[in-house]
K.L.:
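A single structure is presented below for examination.
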Amino acid sequence: MERKISIESEGIYREDYQIRMLKANAVPGFLKIQGQGVDGMTRYDYEVSGKVSMKAMYERGKLNSRDLELFLHQLLAIIKEAEKYLLNIHCILLEPEYIFYEDETFYFCYYPAEEHDIWDALKQLADYFVKHADYKEAACVQMVFALHKGVLEENYSLEKLTETCMEAAKTATFEEWKQEKEQPQEAAPIYDRKEHDWIAEQEMAGTIMEETENLWTPVKRFLNRHRKPKWGDFDGLYIEEEEL
C-alpha cells in the first residue's frame with residue numbers, strides 16, 4: 001500500500017523547472033515528489049512507502065555513530081546531486097519529520113515552495129542530535145559534539161566537517177579499546193612443577209605401599225601360623241596344599 005506525506009503552502013500551484021527536473025530524473029536521495037493545486041493552495045506529496053521518519057526513529061531509540069556517519073555522508077551527497085541538477089540546495093528540508101530512512105539510506109524532501117538557509121537548518125539539526133545521541137557510545141558522543149562545534153563556525157566546509165567527525169569517532173573507539181585493554185586482569189595461578197611432582201610422588205608411594213601391603217598380607221598370615229619354633233622345640237612343619 002502506497003504511503004505519502006503532504007506539505008501545503010499558500011498560493012496557486014505553478015510547476016517550475018525544479019519539479020520538472022525531479023520528475024524527469026530519479027535523483028538519488030530525494031523522495032519522489034508530486035505537486036498540485038488544491039483549493040487555491042499548493043500541495044506537494046512525497047512517496048514514503050516502507051520508510052520511517054527520523055523523528056519517529058529517535059522517539060523510540062537513540063542516535064548512534066553508524067546512523068550519524070550515514071547521515072553526514074548522504075547529506076553531503078544529496079547537496080552535490082542537487083547542484084549537479086541545478087536545484088536549489090536551500091530547498092532541502094532538514095527537519096527530522098521530513099527526513100526518512102530505509103535500509104541504511106536517508107531520504108530528503110525537496111520543497112521548492114519555500115527557500116530557507118540550509119546551514120541554519122543544519123545547526124538546529126545538530127542541536128537535535130545532541131539531545132538524542134546515545135551517550136553510552138563514546139564514538140557517537142565525540143561525533144555529535146564535533147558536529148555541533150563545527151556548524152557554529154563561519155564558512156565551514158561540510159566535507160571537512162564530516163571528515164573531522166569520522167576522525168573523532170575513530171579516536172574515541174581506539175581510546176575505548178585501549179582502556180579495556182589496560183584494565184587489570186586477574187593473575188592466573190602459578191603452576192609449581194616441583195611441588196606438583198613431590199605431591200605426585202607421595203601419592204604414588206602411598207599407592208604402592210598400599211598395594212604392596214595388600215599383596216603380602218596372605219603371606220604374612222601364613223608365616224605367622226607356621227612360624228618356625230625355637231631350637232629344641234621342633235615338631236616338624238606340615239603344610240597343607242590349600243594354604244599355599
Side-chain angles (χ1 to χ4, degrees), residues 3-5 7 26-32 46-83 89-111 116-153 156-185:
R3 178 168 161 253
K4 295 181 178 181
I5 65 166
I7 304 176
V27 182
F30 279 126
L31 293 169
K32 291 182 180 179
Y46 302 88
E47 202 272 308
V48 295
S49 300
K51 301 173 179 61
V52 60
S53 71
M54 178 182 284
K55 181 179 179 181
M57 284 176 65
Y58 302 126
E59 282 178 352
R60 296 194 294 264
K62 294 292 184 182
L63 173 73
N64 59 44
S65 60
R66 175 59 177 167
D67 289 347
L68 188 52
E69 178 183 355
L70 289 172
F71 175 80
L72 290 174
H73 281 118
Q74 290 167 17
L75 175 60
L76 188 60
I78 199 67
I79 289 175
K80 291 181 178 179
E81 287 295 316
E83 293 173 340
I89 64 171
H90 299 291
C91 291
I92 301 173
L93 299 181
L94 292 185
E95 288 83 357
E97 59 267 35
Y98 298 129
I99 300 171
F100 287 78
Y101 177 87
E102 181 185 20
D103 296 335
E104 294 202 335
T105 302
F106 286 95
Y107 296 87
F108 300 84
C109 293
Y110 187 85
Y111 186 54
H116 65 281
D117 192 304
I118 192 172
W119 309 120
D120 287 340
L122 187 54
K123 289 178 184 178
Q124 295 178 26
L125 189 59
D127 289 339
Y128 175 84
F129 287 157
V130 169
K131 294 176 183 177
H132 292 82
D134 183 356
Y135 284 88
K136 293 181 180 179
E137 185 190 2
C140 181
V141 173
Q142 293 297 326
M143 289 178 70
V144 163
F145 281 99
L147 175 64
H148 192 270
K149 179 182 177 182
V151 296
L152 295 177
E153 297 178 1
Y156 66 88
S157 163
L158 181 58
E159 189 167 3
K160 290 183 179 179
L161 179 55
T162 299
E163 292 176 0
T164 300
C165 290
M166 298 307 107
E167 287 299 321
K170 291 179 182 178
T171 302
T173 302
F174 174 75
E175 289 298 327
E176 196 171 39
W177 172 83
K178 185 179 178 182
Q179 290 177 7
E180 290 179 359
K181 294 291 289 183
E182 289 177 350
Q183 287 181 355
Q185 302 291 328

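Here the structure is a predicted model, which is why all the values come from computation and not from measurement.
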K.L.:
When rounded to the nearest 0.5 angstrom, what is the spacing between NE2 in H132 and CG in D127?
P.N.:
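These two atoms lie 11.5 Å from each other.
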K.L.:
State the CE-NZ distance between M57 and K62, to the nearest 0.5 angstrom.
P.N.:
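Between atom CE of M57 and atom NZ of K62 there are 13.5 Å.
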K.L.:
Considering all heavy atoms of both residues, which atom of D67 and which atom of N64 are nearest to each other, and what is their separation?
P.N.:
N-OD1, 2.8 Å
K.L.:
Between the side chain of E137 and the main-chain N/O of S65, is any donor-acceptor distance below 3.5 Å?
P.N.:
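Confirmed, E137 side chain pairs with S65 backbone.
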K.L.:
Dump the intermediate steps for side chain to side chain contact (heavy atoms under 4.5 Å, CB included) on T164 and K149, then the final yes or no.
P.N.:
CA-CA 11 Å; T164 300; K149 179 182 177 182; over 6 Å; no
K.L.:
Can a donor-acceptor pair be found, under 3.5 Å and without considering hydrogens, that links the side chain of H116 to the backbone of I92?
P.N.:
yes
K.L.:
Checking L72 against C165 for the side chain to side chain contact (heavy atoms under 4.5 Å, CB included) test, could you report, in this order, the C-alpha distance in whole Å, the side-chain angles of both residues, the deciding distance, and whether it holds?
P.N.:
CA-CA 9 Å; L72 290 174; C165 290; 4.0 Å; yes
K.L.:
For the pair S53 (side chain) and Y98 (backbone), establish whether a donor and an acceptor sit closer than 3.5 Å, ignoring hydrogens and angles.
P.N.:
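No; zero donor-acceptor contacts below 3.5 Å.
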K.L.:
Quick one: closest heavy-atom pair of M143 and E69, and the distance?
P.N.:
CE-N, 3.8 Å
K.L.:
Enter the distance from L75:CG to K80:NZ here, rounded to the nearest 0.5 Å.
P.N.:
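Here the interatomic distance stands at 11.0 Å.
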K.L.:
Kindly give the heavy-atom pair with the smallest separation between Q142 and A168, and that separation in Å.
P.N.:
CB-O, 3.7 Å
K.L.:
Start with the C-alpha distance between I89 and W119, add both sets of side-chain angles, then the distance that settles side chain to side chain contact (heavy atoms under 4.5 Å, CB included), and finish with yes or no.
P.N.:
CA-CA 10 Å; I89 64 171; W119 309 120; 4.2 Å; yes
K.L.:
Is the side chain of Y107 donor-acceptor paired with the backbone N or O of K32 at a distance under 3.5 Å, no angle test?
P.N.:
no
K.L.:
Before you tell me yes or no, could you show the steps for F71 and F129 under ring pair (Phe, Tyr, Trp, His ring centres under 6.0 Å), namely the whole-Å CA-CA distance, both residues' side-chain angles and the distance that decides it to 0.1 Å?
P.N.:
CA-CA 11 Å; F71 175 80; F129 287 157; 5.5 Å; yes
K.L.:
Would you say the ring centroid of F108 lies under 6.0 angstrom from that of F30?
P.N.:
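F108 vs F30: aromatic centres not under 6.0 Å.
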K.L.:
Can you name the closest pair of heavy atoms from E47 and K4 and give their distance?
P.N.:
CA-CG, 4.3 Å
K.L.:
Assess the residue pair L63 and M54 against the criterion (side chain to side chain contact (heavy atoms under 4.5 Å, CB included)); give the C-alpha distance rounded to whole Å, side-chain angles, the decisive distance to 0.1 Å, and a yes or no.
P.N.:
CA-CA 10 Å; L63 173 73; M54 178 182 284; over 6 Å; no
K.L.:
What are the two closest non-hydrogen atoms of Q74 and F106, and how far apart are they?
P.N.:
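Taking Q74 first and F106 second, the nearest heavy atoms are OE1-N, 2.5 Å.
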K.L.:
Test your reading of the model: is there a side-chain donor-acceptor pair from H90 to the backbone of I118, 3.5 Å cut-off?
P.N.:
yes
K.L.:
Tell me, do E153 and L161 make a side-chain contact under 4.5 Å, heavy atoms counted?
P.N.:
no
K.L.:
Verify salt bridge (Lys or Arg N to Asp or Glu O under 4.0 Å) between E97 and K55, making sure each step is shown before the conclusion.
P.N.:
CA-CA 5 Å; E97 59 267 35; K55 181 179 179 181; 5.3 Å; no
K.L.:
Nearest heavy-atom pair of L93 and I99: which atoms, and what distance?
P.N.:
O-CG1, 4.0 Å
K.L.:
Determine yes or no for a side-chain-to-main-chain donor-acceptor pair under 3.5 angstrom, with H148 supplying the side chain and V144 the backbone.
P.N.:
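Such a contact is absent between H148 side chain and V144 backbone.
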